[in-house]
*Asks:* 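Before we start, here is the structure in question, set down as C-alpha coordinates.
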There are 2 protein chains.
Amino acid sequence: MLYPAPVERLIAELSKLPGIGPKSAQRLALHLVKAPEAEVESLSAALLDIKKTLRLCGRCFNLSEGELCRICADPRRDPSIVCVVEEARDVISIERTGEFKGLYHVLGGAISPIDGIGPEQLRIPELLRRLREEGVRELIVATNPTVEGEATMLYIAEEARALGVRTTRPASGLPVGGDLEYADEVTLGRALRGRCEV
Amino acid sequence: MLYPAPVERLIAELSKLPGIGPKSAQRLALHLVKAPEAEVESLSAALLDIKKTLRLCGRCFNLSEGELCRICADPRRDPSIVCVVEEARDVISIERTGEFKGLYHVLGGAISPIDGIGPEQLRIPELLRRLREEGVRELIVATNPTVEGEATMLYIAEEARALGVRTTRPASGLPVGGDLEYADEVTLGRALRGRCEV
(Lines give C-alpha, C1' and ligand atoms only; values in the text may rest on other atoms or scores of the structure.)
Protein backbone atom coordinates (compact mmCIF):
# COMPACT_ATOMS: atom_id res chain seq x y z
CA MET A 1 0.00 0.00 0.00
CA LEU A 2 1.79 3.06 -1.26
CA TYR A 3 -0.95 5.69 -1.24
CA PRO A 4 -2.88 6.69 1.90
CA ALA A 5 -5.66 4.17 2.60
CA PRO A 6 -8.60 6.26 1.24
CA VAL A 7 -6.81 6.71 -2.09
CA GLU A 8 -5.98 2.99 -2.31
CA ARG A 9 -9.62 2.20 -1.58
CA LEU A 10 -10.86 4.53 -4.32
CA ILE A 11 -8.32 3.03 -6.77
CA ALA A 12 -9.61 -0.46 -5.89
CA GLU A 13 -13.24 0.61 -6.40
CA LEU A 14 -12.52 2.31 -9.72
CA SER A 15 -10.56 -0.73 -10.94
CA LYS A 16 -13.74 -2.80 -10.72
CA LEU A 17 -15.31 -0.75 -13.54
CA PRO A 18 -15.21 -2.21 -17.05
CA GLY A 19 -12.33 -0.93 -19.17
CA ILE A 20 -10.61 0.75 -16.21
CA GLY A 21 -7.24 -0.90 -15.47
CA PRO A 22 -5.03 -0.21 -12.43
CA LYS A 23 -3.17 2.62 -14.22
CA SER A 24 -6.37 4.40 -15.32
CA ALA A 25 -7.87 3.90 -11.86
CA GLN A 26 -4.82 5.54 -10.29
CA ARG A 27 -4.98 8.45 -12.73
CA LEU A 28 -8.70 8.95 -12.09
CA ALA A 29 -8.26 8.71 -8.31
CA LEU A 30 -5.48 11.30 -8.28
CA HIS A 31 -7.59 13.57 -10.49
CA LEU A 32 -10.45 13.27 -8.01
CA VAL A 33 -8.13 13.93 -5.06
CA LYS A 34 -7.23 17.25 -6.68
CA ALA A 35 -10.76 18.01 -7.98
CA PRO A 36 -13.06 20.47 -6.18
CA GLU A 37 -15.05 18.93 -3.36
CA ALA A 38 -18.36 19.86 -5.05
CA GLU A 39 -17.47 17.90 -8.18
CA VAL A 40 -16.63 14.75 -6.22
CA GLU A 41 -19.75 15.05 -4.07
CA SER A 42 -21.92 15.45 -7.11
CA LEU A 43 -20.45 12.31 -8.73
CA SER A 44 -20.95 10.43 -5.48
CA ALA A 45 -24.58 11.58 -5.25
CA ALA A 46 -25.27 10.70 -8.91
CA LEU A 47 -24.06 7.17 -8.17
CA LEU A 48 -26.39 6.72 -5.20
CA ASP A 49 -29.21 8.24 -7.20
CA ILE A 50 -29.26 5.57 -9.90
CA LYS A 51 -29.80 2.93 -7.24
CA LYS A 52 -32.43 4.95 -5.38
CA THR A 53 -34.59 6.23 -8.22
CA LEU A 54 -34.15 3.86 -11.17
CA ARG A 55 -36.22 0.79 -11.85
CA LEU A 56 -37.31 -1.28 -14.84
CA CYS A 57 -40.46 -0.42 -16.79
CA GLY A 58 -43.25 -2.81 -15.79
CA ARG A 59 -44.20 -3.33 -19.42
CA CYS A 60 -41.03 -3.33 -21.54
CA PHE A 61 -38.21 -3.57 -18.94
CA ASN A 62 -36.50 -0.46 -20.23
CA LEU A 63 -34.84 1.78 -17.60
CA SER A 64 -37.50 3.91 -15.97
CA GLU A 65 -38.09 6.39 -13.19
CA GLY A 66 -41.75 5.47 -12.75
CA GLU A 67 -43.94 2.37 -13.11
CA LEU A 68 -43.87 2.80 -16.93
CA CYS A 69 -40.91 4.13 -18.93
CA ARG A 70 -41.11 7.36 -20.93
CA ILE A 71 -41.76 5.47 -24.17
CA CYS A 72 -44.49 3.14 -22.85
CA ALA A 73 -46.17 6.12 -21.16
CA ASP A 74 -46.22 8.16 -24.40
CA PRO A 75 -49.72 7.96 -26.00
CA ARG A 76 -48.27 8.91 -29.42
CA ARG A 77 -46.34 5.64 -29.65
CA ASP A 78 -47.93 2.81 -31.66
CA PRO A 79 -48.47 -0.21 -29.36
CA SER A 80 -49.20 -2.56 -32.29
CA ILE A 81 -45.52 -2.70 -33.31
CA VAL A 82 -42.91 -3.88 -30.81
CA CYS A 83 -39.14 -3.89 -31.21
CA VAL A 84 -37.24 -6.50 -29.21
CA VAL A 85 -33.70 -5.60 -28.11
CA GLU A 86 -31.13 -7.19 -25.82
CA GLU A 87 -30.28 -4.24 -23.57
CA ALA A 88 -31.60 -0.81 -22.57
CA ARG A 89 -28.70 0.85 -24.43
CA ASP A 90 -30.07 -0.63 -27.69
CA VAL A 91 -33.35 1.26 -27.09
CA ILE A 92 -31.35 4.49 -27.08
CA SER A 93 -29.52 3.54 -30.30
CA ILE A 94 -32.84 2.92 -32.08
CA GLU A 95 -34.48 6.03 -30.61
CA ARG A 96 -31.59 8.10 -32.00
CA THR A 97 -32.50 7.06 -35.56
CA GLY A 98 -35.95 8.64 -35.20
CA GLU A 99 -37.23 5.83 -37.49
CA PHE A 100 -39.28 3.85 -34.98
CA LYS A 101 -42.55 4.94 -33.40
CA GLY A 102 -43.65 1.68 -31.74
CA LEU A 103 -42.86 0.26 -28.29
CA TYR A 104 -39.90 -1.80 -27.12
CA HIS A 105 -39.22 -4.99 -25.21
CA VAL A 106 -35.85 -5.33 -23.46
CA LEU A 107 -34.78 -8.97 -23.06
CA GLY A 108 -31.90 -8.37 -20.67
CA GLY A 109 -29.46 -10.40 -22.80
CA ALA A 110 -29.41 -13.14 -25.42
CA ILE A 111 -29.87 -16.91 -25.31
CA SER A 112 -26.50 -18.52 -24.56
CA PRO A 113 -26.63 -22.19 -23.47
CA ILE A 114 -22.89 -22.13 -22.61
CA ASP A 115 -23.58 -19.44 -19.99
CA GLY A 116 -26.74 -21.22 -18.82
CA ILE A 117 -28.99 -18.51 -20.28
CA GLY A 118 -32.16 -19.92 -21.85
CA PRO A 119 -35.47 -18.21 -22.74
CA GLU A 120 -36.62 -18.45 -19.10
CA GLN A 121 -33.61 -16.43 -17.86
CA LEU A 122 -34.52 -13.63 -20.28
CA ARG A 123 -37.79 -11.71 -20.49
CA ILE A 124 -39.09 -13.92 -23.30
CA PRO A 125 -42.10 -15.29 -21.33
CA GLU A 126 -43.12 -11.67 -20.64
CA LEU A 127 -42.72 -10.89 -24.36
CA LEU A 128 -44.97 -13.80 -25.37
CA ARG A 129 -47.57 -12.66 -22.83
CA ARG A 130 -47.50 -9.19 -24.43
CA LEU A 131 -47.94 -10.75 -27.88
CA ARG A 132 -51.01 -12.64 -26.62
CA GLU A 133 -52.59 -9.74 -24.70
CA GLU A 134 -51.62 -6.43 -26.32
CA GLY A 135 -52.77 -6.80 -29.95
CA VAL A 136 -49.25 -6.65 -31.39
CA ARG A 137 -49.26 -6.89 -35.20
CA GLU A 138 -45.55 -6.77 -35.95
CA LEU A 139 -42.52 -7.76 -33.94
CA ILE A 140 -39.12 -6.39 -35.05
CA VAL A 141 -36.40 -8.53 -33.51
CA ALA A 142 -33.34 -6.26 -33.28
CA THR A 143 -31.03 -8.48 -31.27
CA ASN A 144 -27.30 -8.13 -31.98
CA PRO A 145 -25.98 -9.75 -35.17
CA THR A 146 -23.93 -12.24 -33.11
CA VAL A 147 -24.33 -16.02 -32.75
CA GLU A 148 -26.30 -15.57 -29.50
CA GLY A 149 -28.37 -12.70 -30.89
CA GLU A 150 -29.30 -14.63 -34.03
CA ALA A 151 -30.23 -17.74 -32.01
CA THR A 152 -32.44 -15.56 -29.80
CA MET A 153 -34.05 -14.01 -32.88
CA LEU A 154 -34.82 -17.41 -34.41
CA TYR A 155 -36.31 -18.69 -31.14
CA ILE A 156 -38.52 -15.61 -30.72
CA ALA A 157 -39.56 -15.63 -34.40
CA GLU A 158 -40.76 -19.22 -34.09
CA GLU A 159 -42.78 -18.50 -30.94
CA ALA A 160 -44.27 -15.33 -32.46
CA ARG A 161 -45.21 -17.16 -35.63
CA ALA A 162 -47.10 -19.72 -33.55
CA LEU A 163 -49.07 -16.78 -32.09
CA GLY A 164 -49.75 -15.41 -35.60
CA VAL A 165 -47.58 -12.29 -35.16
CA ARG A 166 -45.56 -11.10 -38.14
CA THR A 167 -41.85 -11.06 -37.26
CA THR A 168 -39.18 -8.98 -39.03
CA ARG A 169 -35.53 -8.08 -38.49
CA PRO A 170 -33.45 -5.02 -39.44
CA ALA A 171 -31.62 -5.40 -42.77
CA SER A 172 -28.06 -6.68 -42.78
CA GLY A 173 -25.74 -4.88 -45.20
CA LEU A 174 -22.90 -2.47 -45.67
CA PRO A 175 -22.61 0.24 -43.02
CA VAL A 176 -23.18 3.72 -44.45
CA GLY A 177 -19.82 5.41 -44.96
CA GLY A 178 -18.11 2.00 -44.84
CA ASP A 179 -15.73 0.65 -47.43
CA LEU A 180 -16.45 -2.41 -49.60
CA GLU A 181 -12.83 -3.44 -49.27
CA TYR A 182 -13.09 -3.76 -45.51
CA ALA A 183 -16.50 -5.44 -45.28
CA ASP A 184 -16.34 -9.03 -44.02
CA GLU A 185 -17.65 -11.69 -46.41
CA VAL A 186 -20.77 -12.50 -44.36
CA THR A 187 -21.88 -8.85 -44.29
CA LEU A 188 -21.09 -8.40 -47.97
CA GLY A 189 -22.91 -11.65 -48.84
CA ARG A 190 -26.02 -10.50 -46.97
CA ALA A 191 -25.79 -7.05 -48.58
CA LEU A 192 -25.79 -8.72 -52.02
CA ARG A 193 -28.68 -11.04 -51.20
CA GLY A 194 -30.67 -8.08 -49.85
CA ARG A 195 -29.90 -5.85 -52.88
CA CYS A 196 -32.60 -3.41 -53.97
CA GLU A 197 -33.52 -1.29 -57.02
CA VAL A 198 -31.77 2.08 -57.33
CA MET B 1 -32.32 13.44 -23.07
CA LEU B 2 -32.76 9.82 -24.02
CA TYR B 3 -32.00 8.01 -20.76
CA PRO B 4 -33.94 8.60 -17.54
CA ALA B 5 -32.70 11.75 -15.76
CA PRO B 6 -30.58 10.00 -13.08
CA VAL B 7 -28.69 8.05 -15.76
CA GLU B 8 -28.10 11.18 -17.84
CA ARG B 9 -26.83 12.93 -14.72
CA LEU B 10 -24.38 10.11 -13.96
CA ILE B 11 -23.19 10.11 -17.59
CA ALA B 12 -22.60 13.87 -17.35
CA GLU B 13 -20.63 13.49 -14.10
CA LEU B 14 -18.52 10.62 -15.44
CA SER B 15 -17.78 12.55 -18.66
CA LYS B 16 -15.98 15.19 -16.57
CA LEU B 17 -13.28 12.69 -15.62
CA PRO B 18 -10.03 12.79 -17.60
CA GLY B 19 -9.88 10.27 -20.45
CA ILE B 20 -13.57 9.39 -20.16
CA GLY B 21 -15.46 10.43 -23.29
CA PRO B 22 -19.27 10.41 -23.75
CA LYS B 23 -19.26 6.80 -25.05
CA SER B 24 -17.17 5.47 -22.15
CA ALA B 25 -19.27 7.46 -19.69
CA GLN B 26 -22.42 5.85 -21.09
CA ARG B 27 -20.88 2.38 -20.91
CA LEU B 28 -19.75 2.94 -17.31
CA ALA B 29 -23.11 4.39 -16.28
CA LEU B 30 -25.04 1.43 -17.74
CA HIS B 31 -22.62 -0.95 -16.03
CA LEU B 32 -23.28 0.79 -12.72
CA VAL B 33 -27.03 0.70 -13.30
CA LYS B 34 -26.79 -3.08 -13.54
CA ALA B 35 -24.15 -3.48 -10.80
CA PRO B 36 -25.09 -4.63 -7.29
CA GLU B 37 -26.20 -1.80 -5.01
CA ALA B 38 -23.38 -2.54 -2.52
CA GLU B 39 -20.72 -2.03 -5.21
CA VAL B 40 -22.13 1.35 -6.23
CA GLU B 41 -22.51 2.47 -2.62
CA SER B 42 -18.98 1.51 -1.85
CA LEU B 43 -17.65 3.50 -4.83
CA SER B 44 -19.78 6.46 -3.77
CA ALA B 45 -18.46 6.26 -0.19
CA ALA B 46 -14.85 5.92 -1.37
CA LEU B 47 -15.30 9.16 -3.32
CA LEU B 48 -16.60 11.09 -0.33
CA ASP B 49 -13.87 9.59 1.81
CA ILE B 50 -10.99 11.11 -0.15
CA LYS B 51 -12.43 14.55 0.46
CA LYS B 52 -13.17 13.91 4.12
CA THR B 53 -10.00 12.18 5.28
CA LEU B 54 -7.20 13.25 2.92
CA ARG B 55 -4.99 16.26 3.36
CA LEU B 56 -1.51 17.33 2.37
CA CYS B 57 1.47 16.53 4.59
CA GLY B 58 2.42 19.66 6.54
CA ARG B 59 6.10 19.08 5.77
CA CYS B 60 6.42 17.70 2.23
CA PHE B 61 2.89 18.22 0.74
CA ASN B 62 2.54 14.55 -0.15
CA LEU B 63 -0.98 13.08 0.25
CA SER B 64 -1.55 12.24 3.89
CA GLU B 65 -4.16 11.07 6.35
CA GLY B 66 -2.56 12.82 9.32
CA GLU B 67 -0.56 15.98 9.99
CA LEU B 68 2.56 14.26 8.57
CA CYS B 69 2.54 11.74 5.70
CA ARG B 70 3.69 8.16 6.22
CA ILE B 71 7.15 8.92 4.84
CA CYS B 72 7.81 12.07 6.88
CA ALA B 73 6.55 10.27 10.00
CA ASP B 74 8.90 7.29 9.48
CA PRO B 75 11.99 7.68 11.77
CA ARG B 76 14.01 5.31 9.52
CA ARG B 77 13.98 7.82 6.65
CA ASP B 78 17.04 10.06 6.26
CA PRO B 79 15.96 13.74 6.57
CA SER B 80 19.30 15.00 5.24
CA ILE B 81 18.43 14.01 1.66
CA VAL B 82 15.29 15.40 0.00
CA CYS B 83 13.84 14.46 -3.37
CA VAL B 84 11.78 17.16 -5.12
CA VAL B 85 8.96 15.95 -7.39
CA GLU B 86 6.12 17.65 -9.24
CA GLU B 87 3.18 15.53 -8.07
CA ALA B 88 2.24 13.02 -5.37
CA ARG B 89 2.11 10.24 -7.98
CA ASP B 90 5.83 10.77 -8.60
CA VAL B 91 6.48 9.95 -4.93
CA ILE B 92 4.84 6.57 -5.52
CA SER B 93 6.91 5.93 -8.66
CA ILE B 94 10.14 6.60 -6.74
CA GLU B 95 9.01 4.61 -3.68
CA ARG B 96 8.39 1.62 -5.97
CA THR B 97 12.07 1.55 -6.96
CA GLY B 98 13.08 0.98 -3.33
CA GLU B 99 16.23 3.02 -4.09
CA PHE B 100 15.49 6.11 -2.05
CA LYS B 101 15.49 6.36 1.73
CA GLY B 102 15.27 10.13 2.19
CA LEU B 103 12.27 12.47 2.38
CA TYR B 104 10.30 14.14 -0.41
CA HIS B 105 9.01 17.57 -1.34
CA VAL B 106 5.98 17.77 -3.66
CA LEU B 107 5.90 21.01 -5.67
CA GLY B 108 2.36 20.66 -7.00
CA GLY B 109 3.41 21.25 -10.61
CA ALA B 110 6.22 22.85 -12.61
CA ILE B 111 7.16 26.42 -13.49
CA SER B 112 5.23 27.42 -16.63
CA PRO B 113 5.11 31.17 -17.38
CA ILE B 114 2.58 30.60 -20.21
CA ASP B 115 0.11 29.20 -17.67
CA GLY B 116 1.01 31.89 -15.14
CA ILE B 117 2.76 29.41 -12.83
CA GLY B 118 5.88 30.83 -11.23
CA PRO B 119 7.86 29.70 -8.16
CA GLU B 120 5.37 31.40 -5.84
CA GLN B 121 2.46 29.33 -7.22
CA LEU B 122 4.37 26.14 -6.41
CA ARG B 123 5.72 25.01 -3.05
CA ILE B 124 9.19 26.34 -3.80
CA PRO B 125 9.22 28.92 -0.94
CA GLU B 126 8.37 26.06 1.45
CA LEU B 127 11.19 23.99 -0.06
CA LEU B 128 13.72 26.79 0.45
CA ARG B 129 12.56 27.15 4.05
CA ARG B 130 13.17 23.42 4.58
CA LEU B 131 16.65 23.77 3.07
CA ARG B 132 17.42 26.56 5.51
CA GLU B 133 15.93 24.92 8.61
CA GLU B 134 16.17 21.13 8.30
CA GLY B 135 19.88 20.46 7.73
CA VAL B 136 19.40 19.08 4.22
CA ARG B 137 22.71 17.96 2.66
CA GLU B 138 21.54 16.82 -0.75
CA LEU B 139 18.59 17.79 -2.91
CA ILE B 140 17.64 15.43 -5.75
CA VAL B 141 15.46 17.34 -8.22
CA ALA B 142 13.33 14.68 -9.96
CA THR B 143 10.98 16.92 -11.93
CA ASN B 144 9.75 15.55 -15.26
CA PRO B 145 12.18 15.65 -18.21
CA THR B 146 9.96 18.20 -20.00
CA VAL B 147 10.65 21.85 -20.82
CA GLU B 148 8.74 22.97 -17.70
CA GLY B 149 10.29 20.31 -15.48
CA GLU B 150 13.83 21.21 -16.59
CA ALA B 151 13.18 24.94 -16.08
CA THR B 152 11.89 24.19 -12.59
CA MET B 153 14.97 22.06 -11.88
CA LEU B 154 17.35 24.80 -12.99
CA TYR B 155 15.54 27.41 -10.88
CA ILE B 156 15.60 25.21 -7.78
CA ALA B 157 19.24 24.21 -8.35
CA GLU B 158 20.30 27.83 -8.43
CA GLU B 159 18.42 28.70 -5.23
CA ALA B 160 19.76 25.59 -3.48
CA ARG B 161 23.32 26.37 -4.52
CA ALA B 162 22.95 29.83 -2.99
CA LEU B 163 22.04 28.09 0.27
CA GLY B 164 25.04 25.75 -0.04
CA VAL B 165 23.01 22.60 -0.62
CA ARG B 166 24.33 20.01 -3.11
CA THR B 167 21.81 19.52 -5.92
CA THR B 168 21.60 16.44 -8.15
CA ARG B 169 19.21 15.04 -10.76
CA PRO B 170 18.39 11.47 -11.81
CA ALA B 171 20.47 10.25 -14.79
CA SER B 172 19.05 10.66 -18.29
CA GLY B 173 19.65 7.67 -20.55
CA LEU B 174 18.26 4.67 -22.32
CA PRO B 175 15.27 3.05 -20.62
CA VAL B 176 16.02 -0.51 -19.46
CA GLY B 177 14.55 -2.96 -21.98
CA GLY B 178 14.40 -0.16 -24.56
CA ASP B 179 15.80 -0.33 -28.06
CA LEU B 180 18.66 1.88 -29.30
CA GLU B 181 16.89 2.17 -32.65
CA TYR B 182 13.83 3.80 -31.10
CA ALA B 183 15.59 6.15 -28.66
CA ASP B 184 15.16 9.82 -29.57
CA GLU B 185 18.38 11.72 -30.26
CA VAL B 186 18.25 13.85 -27.10
CA THR B 187 17.94 10.78 -24.87
CA LEU B 188 20.65 8.94 -26.77
CA GLY B 189 22.90 12.01 -26.68
CA ARG B 190 22.48 12.28 -22.90
CA ALA B 191 23.06 8.54 -22.52
CA LEU B 192 26.37 8.87 -24.39
CA ARG B 193 27.48 11.92 -22.39
CA GLY B 194 26.63 10.08 -19.18
CA ARG B 195 28.39 6.84 -20.20
CA CYS B 196 30.08 4.86 -17.44
CA GLU B 197 32.67 2.07 -17.05
CA VAL B 198 31.42 -1.52 -17.54
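If you're wondering where the values come from, they're calculated on a predicted model, not measured in any experiment. Atom set for the values below is all heavy atoms of this structure, side chains included, hydrogens, waters and symmetry mates excluded. So that the names make sense, note that chain A is the first sequence line, chain B the second, and so on, each numbered from 1.
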*Asks:* If you look at every heavy atom in Thr53(A) and Pro6(B), which pair is closest and at what distance?
*Replies:* OG1-CG, 3.0 Å
*Asks:* In the structure I gave you, are the side-chain heavy atoms of Lys34(A) and Glu87(B) within less than 4.5 Å of one another anywhere?
*Replies:* yes
*Asks:* Nearest 0.5 Å, please: how far is CG in Leu63(A) from OH in Tyr3(B)?
*Replies:* 7.5 Å
*Asks:* Leu28(A), Val91(A), Asn62(A): which one forms the most heavy-atom pairs within less than 4.5 Å of chain B?
*Replies:* Leu28(A)
*Asks:* Need one label for Lys16(B): side chain, backbone, both or neither, based on atoms under 4.5 Å from any heavy atom in chain A.
*Replies:* both
*Asks:* Rounded to the nearest 0.5 Å, what's the gap from CD1 on Ile50(A) to CZ on Arg9(B)? Could you check?
*Replies:* 10.5 Å
*Asks:* Given a strict heavy-atom distance threshold of 4.5 Å, which part of Leu32(A) is in contact with chain B: side chain, backbone, both, or neither?
*Replies:* both
*Asks:* Looking only at non-hydrogen atoms, find the nearest pair between Arg27(A) and Pro18(B) and report the distance.
*Replies:* NH1-O, 3.3 Å
*Asks:* Is any residue of residues 37-49 of chain B within less than 4.5 Å of chain A by heavy atoms, and which ones?
*Replies:* Glu37(B), Glu39(B), Val40(B), Glu41(B), Ser42(B), Leu43(B), Ser44(B), Ala45(B), Ala46(B), Leu47(B), Leu48(B), Asp49(B)
*Asks:* Taking 4.5 Å as the heavy-atom cut-off, does anything in residues 123-158 of chain A contact chain B, and if so which residues?
*Replies:* none
*Asks:* Please rank Cys69(B), Ala35(B), Ala88(B) by heavy-atom pairs under 4.5 Å with chain A and give me the top one.
*Replies:* Ala35(B)
*Asks:* Same hydrophobic cluster for Leu68(B) and Leu54(B), using side-chain heavy-atom links shorter than 4.5 Å among ILVMFWY?
*Replies:* no
*Asks:* How far does CD1 of Ile20(A) sit from CD1 of Ile20(B), to the nearest 0.5 angstrom?
*Replies:* 4.0 Å
*Asks:* Could you measure the distance from the CG atom of Leu10(B) to the NZ atom of Lys51(A)? Nearest 0.5 Å is fine.
*Replies:* 10.0 Å
